[in-house]
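We count ligands from 1, going down the list as the structure has it; atoms in each ligand are counted the same way. Computed over heavy atoms, backbone and side chain alike; hydrogens, waters and symmetry mates excluded.
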Amino acid sequence: MKRSLIVSKFGGTSMGDIHAMDRSATISIERNSSVVVVSATSGTTDKLISVAKLASAGNTKECEKLVFGIKERHQAMINELPKNHMGLEILSSYFTELDLLVQNITLLKELTPKAHDHILSLGERMSSLIFSEVLKNKIPNKSVVLLDARSVIKTDSNFGKATPLIADIAKKCEQLKTDTIYVTQGFIGSDAEGNTTVLGRGGSDYSAALFAEGFNATVLEIWTDVAGIATTDPRLCPAARIIHEISYAEAAEMAQYGAKILHPATIAPAVRKSIPVFVGSTFEKNLPGTWIKKDVENRPAVRAITKRAHQALLTISNPNMLNAYGFMGEIFDLFGKHRISVDCVTTSEICIAVTVDQPTLDNQKFMTDLESVGKIDVETGFSLISLIGNDLFGQASLAKSIFSSVGEASIRMMSLGASSYNFNFLVKEEESNVCIQRLHKSLIEGMK
Ligand code: ASP
Ligand code: MG
């Protein structure tokens, strides 16, 4: 049998202040976690992004104010702990590093992607340092080590959204001790030259999954501020309920198509090693939460409804492609080259329609490249609604229920047929909430 090894990840609100850290530490002790992966304290990554921007714009005053606030918050947190010279020294070295980075960016009036990632890494490095002190104080007889995730999570050099190098990570994990509790950072890694990289916003979940994979963990726990994955956004539908068990395939579709609770890449490492994933709330730790597993007993036709807002529809057409080939290949190559993921596609002989997140339209290089392949029509202001469930191809009456629930709203595009777990359709943003409420009522609330 596999030796039990638990990787637990705590998000920003679970690191929010010293009390939240204390609660999270208690949970990690109760759960017997061997590797604890933490996010930056809530709001800190956003602040660090602003710091970097302000510094490069030469807005020294505002920048200093923000830096002061960040330092003050973390200093106050560590001050609440029994005095520890080592911890204080490390924290103050992080402050110096932040000051140096800000000075350099201000001086050069240039913010390189490399400097950006480096500055962001300080959020997780500060929170993990303080959290490791909290944990050490609670379990003085155990060996608690603050591990620099950059020495384990090896990535390529695509700053801002680096791709992890799975084989390298596995090798690094092998070198770690098994009788130690590691506290480490989510979100950050390093490339072959040792430059700091980040995995993209919300990437701490992904880091935790990579650690779980590297350590061949028995369980991956994601501790957050909501009590699990819900059937839809409860702010939209108060009748939404927590899903107690869901398959990897369904959870991956949910994360990809807008459920904010997990970073979309989190599931893949868990799937590769068949590691069950638990999602629960640090504020309500005794609730059952959600288990994401390979096989689940209950497989409803429609499990959940998600929404991905701010979608644009790009329709690319090229009449020369009538009876020709290679058109789609060229288009997908461009998406690949610019590292833009294709979410939803429909095609005709000379046209292809693709949804993208609206900010993609600001990527000038990508748009120019795309124009070289064909004429592009851009429509904006959509939301992509996804019904996530099981065997969606075989549900005879499903289409009827969907169309009657959608009512008057006009569907601009839809996609069913690739994955039996997902039915996507695109509606105008202003019509999306009502659609979801109606769909939830008829397809989820009414069902057992
Ligand atoms: N701190 C990072 C962010 O806010 C990563 C994370 O929290 O998952 O995006
Ligand atoms: Mg998160």
Non-hydrogen atom of His263 closer than 4.0 Å to ligand 1: no

Parallel, tilted or perpendicular: ring planes of Phe423 versus Phe425, cut at 30 and 60 degrees: perpendicular

Among Gln185, Glu124, Met15, closest by any non-hydrogen atom to atom 5 (C) of ligand 1: Glu124

Atom 6 (C) of ligand 1: the protein heavy-atom neighbour that sits closest, reported with distance to 0.1 Å: Ser204 OG, 3.2 Å

Residues Glu174 and Lys171 bridged, charged N to O under 4.0 Å: no

Ion pair Arg23/Asp17, N-O distance below 4.0 Å: no

Heavy atom of Gly202, distance to ligand 1 below 4.0 Å: yes

For atom 7 (O) of ligand 1, closest protein heavy-atom neighbour: Ser39 OG, 3.0 Å

Quiz item: cation-pi between Lys307 and Tyr257, 6.0 Å / 45°: no

Evaluation steps, salt bridge (charged side-chain N to carboxylate O under 4.0 Å, His left out), between Lys71 and Asp99: CA-CA 10 Å; Lys71 287 185 190 170; Asp99 288 337; 2.9 Å; yes

Tyr182 vs Lys177, side-chain contact (heavy atoms from CB on, under 4.5 Å): CA-CA, chis, key distance, verdict: CA-CA 9 Å; Tyr182 289 105; Lys177 293 195 193 122; 3.5 Å; yes

Any N or O of Lys9 closer than 3.5 Å to N or O of ligand 1: no

Per-atom contacts of ligand 1 with Arg201, taking only distances under 4.0 Å to non-hydrogen atoms: 3 (C), 4 (O), 9 (O)

Asp357 with Arg308: basic N within carboxylate O range, under 4.0 Å: yes

Contact check, Gly203 vs ligand 1, heavy-atom distance below 4.0 Å: yes

Per-atom contacts of ligand 1 with Thr45, taking only distances under 4.0 Å to non-hydrogen atoms: 1 (N), 2 (C), 3 (C), 4 (O)

